[in-house]
Amino acid sequence: MPKAPISISQQNARHIWIRAQRLDSPAPFGSGAAAAVAAIAHLGYVQIDTINVIERCHHHILWSRIPDYRRADLSQAQATDKSIFEYWTHALSYVARADLRFFLPAMKQYRETPSRWFGSVTPEEVSKMLKRLKSEGPLSIRDIGDDELVDKNHPWASRKPSKRVLEMMFYQGLVTISARQGMVKTYDLMGRHFGAMPKPATPRQIVEYKLDRALRAQGVVSLDSICHLDAPSKGEVKALIESRVRRKRLVPVSIEGAEAVPHWAEPETLKAERGEAPGLAHILSPFDPLIIQRKRLKLFFGYEHVFEAYIPAAKRRFGYFALPVLMGDRIVAVLDLKTDRQAGKLLVQQWTALEEAGARGSIAVEEALGRFEQFQLARA
């Protein structure tokens with residue numbers, strides 16, 4: 001007979017998740033490039049996005065966990081130390097190089113079954129680009145000046161055909177993004193950049209990786225939270241969960257008020273000393289791992305985040321680029337911020353209070369906003 005789930009309060013579930021996200025202590029990963037790599041490895045991935053009304057989300061996510069984070073730390077980890085790489089998780093993301101083997105089978109699949117998105121790219125174009133990279137070294141799209149320009153077929157397209165060739169080769173694992181300057185990518189041959197390649201993970205190992213990644217970064221997991229935007233993996237992940245429950249490596253968990261959604265956790269996670277509620281204030285990116293899974297966020301925090309950048313201004317509730325404010329274990333406000341880089345200041349476009357933060361909480365939020373402004377305006 002299946003064991004009854006362990007019941008935990010919504011508040012305790014929040015504490016577990018916040019601890020797993022390392023948002024409960026000031027500098028959990030230390031400092032420097034090694035801290036950036038450690039944070040990426042622990043979280044599993046850090047999403048990359050182009051919007052820069054404030055600092056781009058990959059820098060923001062890392063700064064939220066590394067107070068003295070510098071943009072150069074990420075650049076060093078990617079281009080010099082080669083301890084991270086870029087690839088698709090639920091979106092384009094930074095991933096620790098130690099996890100590269102779990103992505104090699106997906107690259108192979110792209111080679112064997114090219115995406116229709118790149119249907120216009122020919123084998124001859126790929127061969128030509130490989131020869132060019134071998135002879136000229138790493139290239140960005142700006143380095144390629146001999147393309148015959150074409151009309152764009154969608155707003156994010158490039159008029160340079162070489163961009164599509166390089167992007168397809170990236171997904172196929174023929175090239176990797178060896179460096180970035182802003183959103184300009186430099187591509188290099190995979191083997192030349194990384195040297196010896198690891199042995200590709202087996203299908204079973206990939207399923208275990210996805211489950212373990214979620215357990216490490218979320219603490220308490222559901223099938224949806226493990227397989228975020230990855231529905232095809234749910235069957236195999238569920239079978240692995242059931243196997244670990246039978247072996248008592250996982251226990252079923254019921255969150256009060258959300259009993260309809262099955263959750264699981266490792267026994268050690270539930271036995272860990274709860275201690276006091278987290279007391280730090282964080283201004284989080286809408287792409288932060290704590291925020292990006294909207295259903296989970298609402299389930300744990302009772303807060304429903306809506307990304308409003310693509311919503312008409314008249315219909316926005318929180319603003320163009322709204323940032324949730326985590327105070328302790330609650331989302332207490334949402335700030336629509338914009339960095340005026342020319343004037344050298346952070347603009348508060350809209351401040352929406354969701355609940356009373358208290359005197360100490362209000363001071364903590366104001367201090368967090370001051371630190372956030374310093375981060376936005378820092379040049380390094």
Asks: With under 30° as parallel and over 60° as perpendicular, where do the rings of Phe103 and Phe85 fit, or are they tilted in between?
Replies: perpendicular

Asks: Cation-pi between Arg296 and Phe301: NZ/CZ under 6.0 Å from ring centre and within 45° of the ring axis?
Replies: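 Judged by the rule, Arg296 and Phe301 form no cation-pi pair.
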
Asks: Check the orientation of Phe300 and Trp17. Use parallel for under 30°, tilted for 30 to 60°, and perpendicular for over 60°.
Replies: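 It falls in the perpendicular class, over 60°.
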
Asks: Using a 4.5 Å cut-off on heavy atoms from C-beta on, say whether the side chain of Ile141 contacts that of Ser162.
Replies: yes

Asks: Say whether Ser75 and Arg71, considering side chains only, have a donor N or O and an acceptor N or O under 3.5 Å apart.
Replies: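 No, because no side-chain N or O of Ser75 sits under 3.5 Å from a partner of the opposite role on Arg71.
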
Asks: Roughly how far, to the nearest 0.5 Å, is CZ of Phe287 from CD1 of Ile61?
Replies: 8.5 Å

Asks: For residues Leu74 and Ile40, determine if any side-chain heavy atom of one lies less than 4.5 Å from a side-chain heavy atom of the other.
Replies: yes

Asks: List in chain and number order the residues that pass ring-ring contact (aromatic ring centres under 6.0 Å, His included) with Phe318, two or more places apart in sequence or in another chain; answer none if no residue qualifies.
Replies: none

Asks: Measure centre to centre between the rings of His305 and Tyr303, then say whether the value is under 6.0 Å.
Replies: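 Centroid separation for His305 and Tyr303: below 6.0 Å.
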
Asks: Leu369 versus Leu346: any side-chain heavy-atom pair under 4.5 Å?
Replies: yes

Asks: Do other residues, nucleotides or ligands put more than 12 heavy atoms under 6.0 Å from the CZ atom of Arg360?
Replies: no

Asks: Hey, can you pull the donor-acceptor pairs under 3.5 Å for the side chains in residues 174-182, sequence neighbours left out?
Replies:
unit_1: Ser178; atom_1: OG; unit_2: Thr186; atom_2: O; d: 3.2
unit_1: Arg180; atom_1: NE; unit_2: Glu86; atom_2: OE1; d: 3.3
unit_1: Arg180; atom_1: NE; unit_2: Glu86; atom_2: OE2; d: 2.6
unit_1: Arg180; atom_1: NH2; unit_2: Glu86; atom_2: OE1; d: 2.9

Asks: Which atom names give the shortest non-hydrogen contact between Ala39 and Ile66, and what distance separates them?
Replies: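 Taking every non-hydrogen atom into account, CB-CD1, 4.2 Å.
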
Asks: Do His193 and Pro138 have side-chain heavy atoms sitting under 4.5 Å apart?
Replies: no

Asks: Heavy-atom count check: over 12 atoms from other residues, nucleotides or ligands less than 6.0 Å from Lys238 NZ?
Replies: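 Open: at most 12 neighbouring heavy atoms sit under 6.0 Å from NZ of Lys238.
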
Asks: Enter the distance from Glu136:CD to Ile144:CD1 here, rounded to the nearest 0.5 Å.
Replies: 8.0 Å

Asks: Can you confirm if the aromatic rings of His60 and Phe372 lie within a centre distance of less than 6.0 Å?
Replies: yes

Asks: Between Glu124 and Lys128, is the closest basic N to carboxylate O distance under 4.0 Å?
Replies: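 The answer is no: the pair does not qualify as a salt bridge.
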
Asks: I want to check something: taking the side chain as every heavy atom from C-beta on, are Ile8 and Val220 in contact at a cut-off of under 4.5 Å?
Replies: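 A side-chain contact under 4.5 Å exists here.
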
Asks: Which of these, Leu284, Ile54, Val334, sits in a side chain to side chain contact (heavy atoms under 4.5 Å, CB included) with Leu323?
Replies: Ile54

Asks: Before we go on, tell me: are the rings of His90 and Tyr45 under 6.0 Å apart, centre to centre?
Replies: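 Yes, the ring of His90 comes within the 6.0 Å limit of the ring of Tyr45, centre to centre.
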
Asks: Using the side chain to side chain contact (heavy atoms under 4.5 Å, CB included) rule, take Asp68 and Arg70 through it: C-alpha gap first, then chi angles, then the decisive distance, then the call.
Replies: CA-CA 6 Å; Asp68 64 353; Arg70 297 167 65 253; over 6 Å; no

Asks: Can you name the nearest heavy-atom pair linking Asp329 to His15, along with the distance?
Replies: OD2-NE2, 2.8 Å

Asks: Is the number of heavy atoms from other residues, nucleotides or ligands within 6.0 Å of CZ (Arg294) greater than 12?
Replies: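 Atom CZ in Arg294 is crowded, with more than 12 foreign heavy atoms closer than 6.0 Å.
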
Asks: Could Asp212 and Arg244 be called an ion pair, given the rule that one side-chain N must be under 4.0 Å from one carboxylate O?
Replies: yes

Asks: For atom CZ of Arg142, is the number of surrounding heavy atoms from other residues, nucleotides or ligands below 6.0 Å larger than 12?
Replies: no

Asks: If you link ILVMFWY side chains whenever their heavy atoms are less than 4.5 Å apart, which other residues fall into the same cluster as Leu215? By chain and number, please.
Replies: Val207, Leu211, Val221, Leu223, Ile226, Val237, Leu240, Ile241, Val245, Leu250, Trp264

Asks: Evaluate whether atom CD of Glu256 has more than 12 neighbouring non-hydrogen atoms of other residues, nucleotides or ligands under 6.0 angstrom away.
Replies: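 Yes - once you tally the heavy atoms of other residues, nucleotides and ligands closer than 6.0 Å, there are more than 12.
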
Asks: Classify the ring geometry between Tyr87 and Phe170 as parallel (under 30°), tilted (30 to 60°) or perpendicular (over 60°).
Replies: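 The rings of Tyr87 and Phe170 sit tilted, inter-plane angle from 30° to 60°.
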
Asks: Under 4.0 Å between a Lys/Arg side-chain N and an Asp/Glu carboxylate O for Lys210 and Asp230?
Replies: yes

